[in-house]
K.L.:
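Below is one structure. I have some questions about it.
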Amino acid sequence: MTVTTSTAYSRDLGDELRRLRQRFTGLRGRAMALQLGWDPSKVSNLEHGKIRGSDIDLAQYLTVCGKDIDYFEDFLRRYHNAFDQYLAQMPNNTRTLAMTEAMATGITAYDVLTVNSLLQTPNYARALQAATGQPAEDLDRQAVMRRPNGPRCVFYLHELALRMRLGTRQVMEEQYVWLLANSAIIRVVPEEAATAAFQSACTLFEFEKAPPLVYAESDLAKVFAQGEAAVERSRRLFDLLDEIALDENQTRRKLAEYRGPTPLRALAQ
């Protein structure tokens, strides 16, 4: 067992262990510790991704859960990189991202060509999937935005995303209306801010009891970066965006322009 800094993926895999314990043993954490001959804090820390369990620790834990050698080897393969400061996942893996969003106390995001998935309407998400061929976003993740004491959020959105036509006029109209309803947490980056258009879309997640991390995605991978250099670079980007983005009232007016009939007709041409 090694004490180390937790990561998004170590917390994800730790939670997988917790769910296995609950489903296959019916034991509470303290009873599981007694079964394994461990201190109860070790079970808790392992399940919260706060410590790196040894191969023997994991073998003992998974054996009590009734898992076979194939499951153990697969879990061990995934666990090998769980504490890496930079981690890439397959693009269709959404669990680590969903857990990160649910745990975050602060979410600051920048999107250039599309609306952030936490703000997409179902029809917009389906149109985006049809246009890109990528897996549909799990919009159940948006529940994090509605929970009491949810994360502090700021979504920087380049105007190019508003001009990018996805689906029908009705699809875009619905999306504009939804953005207007959430305009208090949105800052539009005006189209003339060309330099910002060449910056990479990313999200900075901040937590109460874990280090901040930066998330970015493409059609090839989902990337979680917890290194200090990555976090600092994202903070500089958001400082820049804060200077050039429209304020709340200007953002609301800009969104209202796209909500109106003229921009929609222009997009349809």
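Side-chain atoms are counted along with the backbone in the values below, which use heavy atoms only and exclude waters and symmetry mates. Remember, predicted model here, so these are calculated numbers, not experimental data.
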K.L.:
Minimum heavy-atom separation for Ala230 to Val214, with atom names?
P.N.:
O-CG2, 3.6 Å

K.L.:
Checking side-chain contact (heavy atoms from CB on, under 4.5 Å) for the pair Leu180/Ile186: CA distance, chi angles, key distance, verdict?
P.N.:
CA-CA 9 Å; Leu180 265 170; Ile186 297 171; over 6 Å; no

K.L.:
In Å, rounded to the nearest 0.5 Å, how long is the span from CZ of Arg95 to CG of Leu13?
P.N.:
8.5 Å

K.L.:
What orientation do Tyr156 and Phe238 show, parallel under 30°, tilted 30 to 60°, or perpendicular over 60°?
P.N.:
parallel

K.L.:
Of Arg18, Arg21, Arg11, which meets salt bridge (charged side-chain N to carboxylate O under 4.0 Å, His left out) against Glu47?
P.N.:
Arg21

K.L.:
Going by distance alone, is a donor N or O of one side chain under 3.5 Å from an acceptor N or O of the other, for Ser183 and Glu248?
P.N.:
no

K.L.:
Can you confirm whether Arg147 is buried at CZ, in the sense that more than 12 heavy atoms of other residues, nucleotides or ligands lie under 6.0 Å from that atom?
P.N.:
yes

K.L.:
Assess the residue pair Arg235 and Glu206 against the criterion (salt bridge (Lys or Arg N to Asp or Glu O under 4.0 Å)); give the C-alpha distance rounded to whole Å, side-chain angles, the decisive distance to 0.1 Å, and a yes or no.
P.N.:
CA-CA 11 Å; Arg235 292 194 191 280; Glu206 297 175 281; 3.2 Å; yes

K.L.:
Which heavy atom in Ser200 sits nearest to a heavy atom in Leu237, and how many Å separate them?
P.N.:
O-CD2, 4.0 Å

K.L.:
Classify the side-chain pair Thr114/Asp111 by whether it contains a donor and acceptor separated by less than 3.5 Å.
P.N.:
no

K.L.:
What are the two closest non-hydrogen atoms of His80 and Arg52, and how far apart are they?
P.N.:
O-NH1, 3.6 Å

K.L.:
Distance check, rounded to the nearest 0.5 Å: Tyr258 atom OH versus Leu179 atom CG?
P.N.:
12.0 Å

K.L.:
Does a sphere of radius 6.0 Å around CZ in Arg19 hold more than 12 heavy atoms from other residues, nucleotides or ligands, not counting ones at 6.0 Å or beyond?
P.N.:
yes

K.L.:
For the residue pair Tyr215 and Glu217, confirm or rule out a side-chain donor-acceptor distance under 3.5 Å.
P.N.:
yes

K.L.:
Between Val188 and Leu162, is there a side-chain heavy-atom distance shorter than 4.5 Å?
P.N.:
yes

K.L.:
Could you report the tightest heavy-atom contact between Gln85 and Thr7, atom names first, then the distance?
P.N.:
NE2-CG2, 4.2 Å

K.L.:
Take atom CZ in Arg30; do more than 12 heavy atoms of anything else shown fall under 6.0 Å from it?
P.N.:
no

K.L.:
If the plane angle is over 60° it's perpendicular, under 30° parallel, otherwise tilted; pick one for Tyr79 and Phe75.
P.N.:
parallel

K.L.:
In this structure, are over 12 heavy atoms from other groups packed under 6.0 Å from Trp38 atom CH2?
P.N.:
yes

K.L.:
Roughly how far apart are Gln89 CD and Tyr9 OH, rounded to 0.5 Å?
P.N.:
5.5 Å

K.L.:
For Gln142 and Arg146, which I'm curious about, is there any donor-acceptor pair between the side chains at under 3.5 Å?
P.N.:
no

K.L.:
Ignoring hydrogens and angles, state whether a donor on the side chain of Gln134 or Asp219 is under 3.5 Å from an acceptor on the partner side chain.
P.N.:
no

K.L.:
Assess, by modelled atom type and distance only, whether the side chains of Thr251 and Arg187 contain a donor and an acceptor separated by less than 3.5 Å.
P.N.:
no

K.L.:
More than 12 heavy atoms of other residues, nucleotides or ligands under 6.0 Å from CZ of Arg141: is that the case?
P.N.:
yes

K.L.:
Ignoring hydrogens and geometry beyond distance, is a side-chain donor-acceptor pair present between Asp39 and Ser41 at under 3.5 Å?
P.N.:
yes

K.L.:
Measuring from Met32:CE to Gln22:CD, what's the distance to the nearest 0.5 Å?
P.N.:
11.0 Å

K.L.:
Tyr71 and side chain to side chain contact (heavy atoms under 4.5 Å, CB included): which single residue from Asp68, Ile69, Asp74 fits?
P.N.:
Asp68

K.L.:
Please report the interatomic distance CG(Leu166) to CG(Asn123), rounded to the nearest 0.5 Å.
P.N.:
11.5 Å

